[in-house]
J.: 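Following this message is one structure expressed as structure tokens.
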Amino acid sequence: MLFRVDVAAAEPLADQIAAQVRGGVVRGELVPGERLPPARELADVLDVNLHTVLRAYAKLRDENLIELRRGRGAVVRDDADATRLRLVELARRFVDEARRQGLREAEMVAIVKEAQP
């Protein structure tokens with residue numbers, strides 16, 4: 001999988017890296033059990049700080065998408081659910097846009113309920 005970051009983007013670099021991993025799982029480019037590049041190697045390739053990649057990997061670990069194992073690195077979890085992940089990603093985009101529009105949580109929930117058939 002090819003990773004890219006846009007240093008001029010408003011989105012933090014670690015978030016960009018994490019989003020690319022999520023997208024790879026959703027598209028089937030990354031499958032359960034697959035290893036991600038070592039953090040140091042990915043940092044070198046992307047020309048970013050090692051801690052940026054480690055933050056992205058930690059975020060993905062906290063989302064239960066990858067496991068971080070000493071000596072084995074970052075591995076896509078066996079129970080990574082691409083369908084659920086796609087829905088979470090869409091929800092994130094919705095929440096981000098709703099916040100830019102100045103909506104509060106209750107208003108976001110009302111919109112989701114309104115969208116139900």
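Start at 1 with the first residue, then count along the sequence.
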J.: When clusters are formed by joining ILVMFWY residues with side-chain heavy atoms under 4.5 Å apart, either directly or through shared neighbours, do Leu68 and Val53 land in the same one?
T.: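 Same cluster.
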
J.: Sub-3.5 Å donor-acceptor pair from the side chain of Glu41 to the main-chain atoms of Pro38, do we have one?
T.: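 Side chain of Glu41 to backbone of Pro38, a donor-acceptor pair under 3.5 Å: no, none is there.
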
J.: Please give me the minimum heavy-atom distance between Leu60 and Ala18, naming the atom from each residue.
T.: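 Taking every non-hydrogen atom into account, CD2-O, 3.7 Å.
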
J.: So which heavy atom on Ala80 is nearest to which on Val25, and how close?
T.: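 Shortest heavy-atom separation between Ala80 and Val25 comes out as CB-CG1, 4.5 Å.
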
J.: How many angstroms lie between atom CD of Glu107 and atom CD of Glu114, to the nearest 0.5 angstrom?
T.: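 Reported to 0.5 Å precision, the distance equals 12.0 Å.
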
J.: Step by step, work out the salt bridge (Lys or Arg N to Asp or Glu O under 4.0 Å) result for Arg55 and Asp15.
T.: CA-CA 8 Å; Arg55 267 194 309 280; Asp15 292 347; over 6 Å; no

J.: Under a 3.5 Å distance rule, please check whether Glu34 uses its side chain to pair with a backbone N or O of Val31 as donor and acceptor.
T.: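 The answer is yes, because a donor-acceptor pair under 3.5 Å joins these two groups.
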
J.: If you measure from CZ on Arg84 to CD on Glu89, what distance do you get to the nearest 0.5 Å?
T.: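 Nearest 0.5 Å value for the CZ-CD distance: 13.0 Å.
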
J.: State, with a plain yes or no, whether a side-chain heavy atom of Val26 is found less than 4.5 Å away from one of Thr83.
T.: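 The answer is no, as the side chains (C-beta and beyond) never meet within the 4.5 Å cut-off.
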
J.: Between Tyr57 and Leu85, is there shared hydrophobic-cluster membership here, with clusters defined by ILVMFWY side-chain heavy atoms closer than 4.5 Å?
T.: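 Yes; tracing contacts between hydrophobic side chains, which count when under 4.5 Å, links both residues.
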
J.: Does a side-chain heavy-atom distance below 4.5 Å link Arg77 with Asn64?
T.: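 A side-chain contact exists here, since the closest heavy-atom pair is under 4.5 Å.
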
J.: Could you state whether Met108 and Val112 fall into the same hydrophobic cluster, counting links through intermediate Ile, Leu, Val, Met, Phe, Trp or Tyr residues with side-chain heavy atoms under 4.5 angstrom apart?
T.: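 Shared cluster, yes.
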
J.: Is any side-chain heavy atom of Leu103 closer than 4.5 Å to one of Arg99?
T.: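 Heavy-atom side-chain distance check fails, nothing below 4.5 Å.
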
J.: Leu46 pairs by side-chain contact (heavy atoms from CB on, under 4.5 Å) with which of Asn49, Val48, Asp44?
T.: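 Exactly one option meets the side-chain contact (heavy atoms from CB on, under 4.5 Å) with Leu46, and it is Val48.
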
J.: What's the spacing between Leu65 CG and Lys59 NZ if we round to 0.5 Å?
T.: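 So the gap between those two atoms works out to 12.5 Å.
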
J.: Between atom CG of Leu36 and atom CZ of Phe3, what is the distance when rounded to the nearest 0.5 Å?
T.: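 One gets 5.5 Å once the value is rounded to the nearest 0.5 Å.
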
J.: In the structure I gave you, are the side-chain heavy atoms of Arg86 and Arg22 within less than 4.5 Å of one another anywhere?
T.: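 Side chain of Arg86 against side chain of Arg22, heavy atoms only: no contact under 4.5 Å found.
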
J.: In terms of hydrophobic clustering (I, L, V, M, F, W, Y; side-chain heavy atoms under 4.5 Å; direct or indirect links), are Val75 and Ile66 co-clustered?
T.: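 No, because Val75 and Ile66 fall into different hydrophobic clusters, even though each may have its own neighbours under 4.5 Å.
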
J.: Considering all heavy atoms of both residues, which atom of Ala14 and which atom of Ala56 are nearest to each other, and what is their separation?
T.: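 Smallest interatomic distance, heavy atoms only, reads O-CB, 3.3 Å.
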
J.: Salt-bridged, Glu63 to Arg92, with N to O below 4.0 Å?
T.: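 The answer is yes: the pair qualifies as a salt bridge.
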
J.: Do Leu90 and Val95 belong to the same hydrophobic cluster, where Ile, Leu, Val, Met, Phe, Trp and Tyr are linked whenever their side-chain heavy atoms lie under 4.5 Å apart, directly or via other members?
T.: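 No, because Leu90 and Val95 fall into different hydrophobic clusters, even though each may have its own neighbours under 4.5 Å.
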
